> 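I have a structure I would like to understand better, so I am pasting it below and will then ask my questions one at a time.
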Amino acid sequence: MNSIRNTVTVLLLLVNSCGLTQAQASHPLRLTLHDAIERGLQANLSVLVAETRVEETEGTRTRRLSAALLPRVRGQSYANVQSRNLRAFGISFPGVPEVVGPFSNFDFRVYADQNIVDLQSYRSLKASERALEAGKLDYQDARDLIIRSIAGLYLNSQSAAARVDAAQSRVNTSNILYKLAKDKHDAGTATGVDLLRAQVQLANDKQALLVAQNQYKQSLLALARNLGMRPSTPIELAEPLRYEPKAAPPLDTLLPAALQSRPDYQSLSAQREALLEQQGASRARYLPKLSVNGNYGALGRSIGSAQGLGLIQGQLDVTLFDRDRSGEAQELASRVKRIEEQIADLRLGIEQEIQEALLNLQSASEQVAVAKDGQDLAQRELELAQDRFQSGVTNNVEVSTAQDELARAQENYIVAVSGHVDAKFALARAAGNAEKNIGQYLGKP
C-alpha cells in the first residue's frame, strides 16, 4: 500500500514539474539592454579568456616575488652506513687499514637563504607588477568591447522588431484598403483593376511582414548565442527602439578624459612601464648581489649522540662578464620603441573614434528629425489618397503609391533612429568607461 502511495506521489510530482516547465517555456525571457550586457559579460568567451590571463599574470608576479626576494627555507635529513678507502684519499700509514668501516652517521639540518640586495630581482618584480596592471586593463578593455558588441546586437534586434511593427501596420492598412476596394467594386464604383491592385499590395505587404519576422527571429538567435544562452530560449525585448536626444559633449573635454579612462590606452602605458622596469633589471645584472644563508641541525654517529651545529654566512656575487646583457638590452629597446609607436597610433585612433562618433551623433539627430517629418507627411499623403479613392475622385493608383512612400519613410525613420542609438554606443566606447557610462550616453540614470 505504501509503495502504491509513493508511486502516485512521484507521478504527481513529475506532472507538476512538466507543467511548470511548460509554463516557464510559454513565458519568454524579457531582456533589457542592461540585462543583456550583464549576461554577455558573464558568458562571453573573450571576457573569460581575459580573466584567466589576469590570473596567470598574478601567478607570475607571485613566483618572481617568492623566487628572488622572499626567504627560502628547506629541511634535509639523512642516515647512512658507509665504508671508506683511505688509500684512494692519499692516506696510507703503517698499521692503518686500507679500508675503514662500515660506520654510520645521522644528519638533520634546516637551510635558509635570503637575498638582501638584489636590484635585478627587484626590478623584475616591479616589471611583473606593471604587467599585472596591464593584464587587468586588458580584461577591462575586453569587457568594454563585449559591451559594445552586445549593445549592437540588442540594437539590431530592436531595429528588426521595429520593422516587424511597421510591416504589420502596413498589412493592417492594406487589409482596410482591400476591403474598401472590394466594397466599391461590389457597388460598381471601382473597376476590377482597382480590386486586383489592392490584392497585390496586400500580398506584397504580407510577404514583407514574413521577411521582417524572420529577420527578427534570426537577430534574437544571434543575441542569445552571444549571451551564452541556448538558441531555443524564447526572448522578448523589454525596451523598444526609440529616439532619445543626446547633446554631444565638446571634443576638448572628451579626448583628455578618454586618454585617462580608455583601458586599451592605459594598458599600453602600463606595458611600457613594465619594459622600462625590465631595462632597469637588465642594467642591474652587473651590480653586486648580497645575500645571507645558513643552516642549523644535528650531526652524530647515532641519533642519541647527535650534537647541534650550524652555519651562517654572507655572500657577495658580482658578474664580471656577461655578453648576453647587450643582446637583452637591444631587445628591450626595440620593444619600448615599438610600444611607444603603438601608443602614439592609438592616441590618434581614439581621437578619430571620438570625432566620428560625434559627427554620427549630430548627423543622426538631424536625420531623425527629417525622417520623422517624412513619415508624418507620407502618412498624411496615404490618408488623402484613401479619401480621394473612397470619394470616387480617382482610382487606387494614388493609394498604392502612397503606401510605397509610407513604407520607405518608415524604413528611413528606423534607420535614422538606429544610427542615432549606435552613435551613442560608439561614443560611450570611444570616451572610455563604457561599462559605467553607457547608461549616461543613453539618457538613463
Side-chain angles (χ1 to χ4, degrees), residues 31 33 36 149-178 180 197-223 235-246 356-357 359-389 396-427 442-443:
L31 273 181
L33 175 60
S149 175
I150 297 299
L153 290 171
Y154 193 89
L155 173 61
N156 187 46
S157 295
Q158 287 178 312
S159 302
R163 290 185 173 92
V164 171
D165 293 339
Q168 183 63 61
S169 69
R170 292 195 296 271
V171 169
N172 296 339
T173 301
S174 293
N175 265 319
I176 295 173
L177 295 175
Y178 167 71
L180 175 62
R197 191 179 294 117
Q199 289 177 320
V200 171
Q201 184 67 45
L202 178 59
N204 290 337
D205 288 339
K206 285 183 176 179
Q207 182 180 5
L209 175 60
L210 292 174
V211 172
Q213 290 173 338
N214 183 59
Q215 291 177 345
Y216 174 58
K217 293 176 182 178
Q218 290 184 0
S219 70
L220 292 180
L221 289 177
L223 180 61
I235 296 177
E236 179 181 327
L237 301 183
E239 299 175 357
L241 181 68
R242 59 178 177 267
Y243 172 68
E244 294 180 356
K246 171 65 179 177
E356 286 181 351
L359 289 174
N360 290 336
L361 185 64
Q362 179 64 31
S363 176
S365 298
E366 297 171 355
Q367 291 178 41
V368 168
V370 174
K372 184 64 172 63
D373 291 341
Q375 184 175 254
D376 294 340
L377 292 173
Q379 182 64 42
R380 180 58 179 160
E381 179 185 2
L382 177 60
E383 294 172 357
L384 292 175
Q386 180 180 351
D387 292 341
R388 283 168 59 83
F389 176 62
N396 63 353
V397 172
E398 292 183 9
V399 177
S400 299
T401 302
Q403 286 179 281
D404 294 339
E405 292 296 331
L406 179 60
R408 184 159 43 254
Q410 289 174 332
E411 177 63 21
N412 290 340
Y413 183 74
I414 292 173
V415 170
V417 175
S418 299
H420 185 264
V421 177
D422 188 70
K424 290 191 286 187
F425 288 155
L427 184 59
L442 293 177

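Excluded from the calculations below are hydrogen atoms, water molecules and symmetry mates; all remaining heavy atoms, backbone and side chain alike, are included. Just so you know, these numbers come straight off a predicted model, no measurement behind them.
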> Side-chain donor-acceptor pair under 3.5 Å between Q379 and Q375, yes or no?
no

> What are the two closest non-hydrogen atoms of L382 and A402, and how far apart are they?
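Scanning both residues, the minimum pair turns out to be CA-CB, 3.6 Å.
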
> Between Q201 and D404, is the side-chain contact (heavy atoms from CB on, under 4.5 Å) condition met? List the steps.
CA-CA 9 Å; Q201 184 67 45; D404 294 339; 3.7 Å; yes

> Roughly how far, to the nearest 0.5 Å, is OH of Y154 from CD1 of I235?
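The OH atom of Y154 is 10.0 Å from CD1 of I235, to the nearest 0.5 Å.
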
> State, to 0.1 Å, how close A198 and Y178 come at their nearest heavy-atom pair, and which atoms those are.
CB-CA, 3.9 Å

> Can you tell me how far apart CG (L361) and CD (E366) are? Round to the nearest 0.5 Å.
10.0 Å

> Would you indicate whether Q207, at its atom CD, is surrounded by more than 12 heavy atoms from other residues, nucleotides or ligands within a distance under 6.0 Å?
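No, because the 6.0 Å sphere around CD of Q207 holds 12 heavy atoms or fewer from other groups.
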
> Do S174 and Q403 meet the criterion of a side-chain donor-acceptor pair at a distance under 3.5 Å?
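A donor-acceptor contact under 3.5 Å links the two side chains.
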
> To the nearest 0.5 angstrom, please state how far the CG atom of D205 sits from the CD atom of Q168.
10.5 Å

> Could you tell me the separation between the CD atom of Q410 and the CD atom of E405, rounded to the nearest 0.5 Å?
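Spacing of CD (Q410) from CD (E405) equals 12.0 Å.
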
> With heavy-atom distances below 4.5 Å as the criterion, would you say the side chains of L377 and E381 are in contact?
no

> Decide yes or no for Q386 and I176: does some side-chain heavy atom of the first lie under 4.5 Å from some side-chain heavy atom of the second?
yes

> Side-chain contact, heavy-atom cut-off 4.5 Å: N396 with L180?
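Heavy-atom side-chain distance check fails, nothing below 4.5 Å.
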
> Do D376 and K372 meet the salt-bridge criterion of a basic N to acidic O distance under 4.0 Å?
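Judged by the 4.0 Å cut-off on N to carboxylate O distance, K372 and D376 do form a salt bridge.
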
> Apply side-chain contact (heavy atoms from CB on, under 4.5 Å) to residues L241 and L155 and explain how you reach the verdict.
CA-CA 8 Å; L241 181 68; L155 173 61; 3.7 Å; yes

> Give me each pair satisfying ring-ring contact (aromatic ring centres under 6.0 Å, His included) with a member in residues 401-424, each pair once, sequence neighbours excluded.
Y243-H420

> Set out, in order, the CA-CA distance, both residues' side-chain angles and the distance that settles side-chain contact (heavy atoms from CB on, under 4.5 Å) for K217 and L221, then state yes or no.
CA-CA 6 Å; K217 293 176 182 178; L221 289 177; 5.8 Å; no

> Would you check if the side chain of N360 reaches a backbone N or O of E356 as a donor-acceptor pair within less than 3.5 Å?
yes

> From D373 CG over to N412 CG, what is the distance, rounded to the nearest 0.5 angstrom?
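D373 atom CG to N412 atom CG measures 12.5 Å (nearest 0.5 Å).
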
> Look up atom CG in L237 and atom OG in S219, then write down how far apart they are to the nearest 0.5 Å.
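Interatomic distance, L237 CG to S219 OG, rounded to 0.5 Å: 7.0 Å.
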
> Could you report the tightest heavy-atom contact between A364 and G419, atom names first, then the distance?
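Smallest heavy-atom distance, with atoms named: CB-C, 3.9 Å.
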
> Are any non-hydrogen side-chain atoms of E383 and L406 less than 4.5 angstrom apart?
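Answer no - side chains too far apart.
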
> Whether the side chain of Q158 engages the backbone of E239 through a donor-acceptor N/O pair (distance < 3.5 Å, no angle test) should be reported.
yes

> Has S418 got a side-chain atom pairing as donor or acceptor with I414's backbone, closer than 3.5 angstrom?
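A pair under 3.5 Å: yes.
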
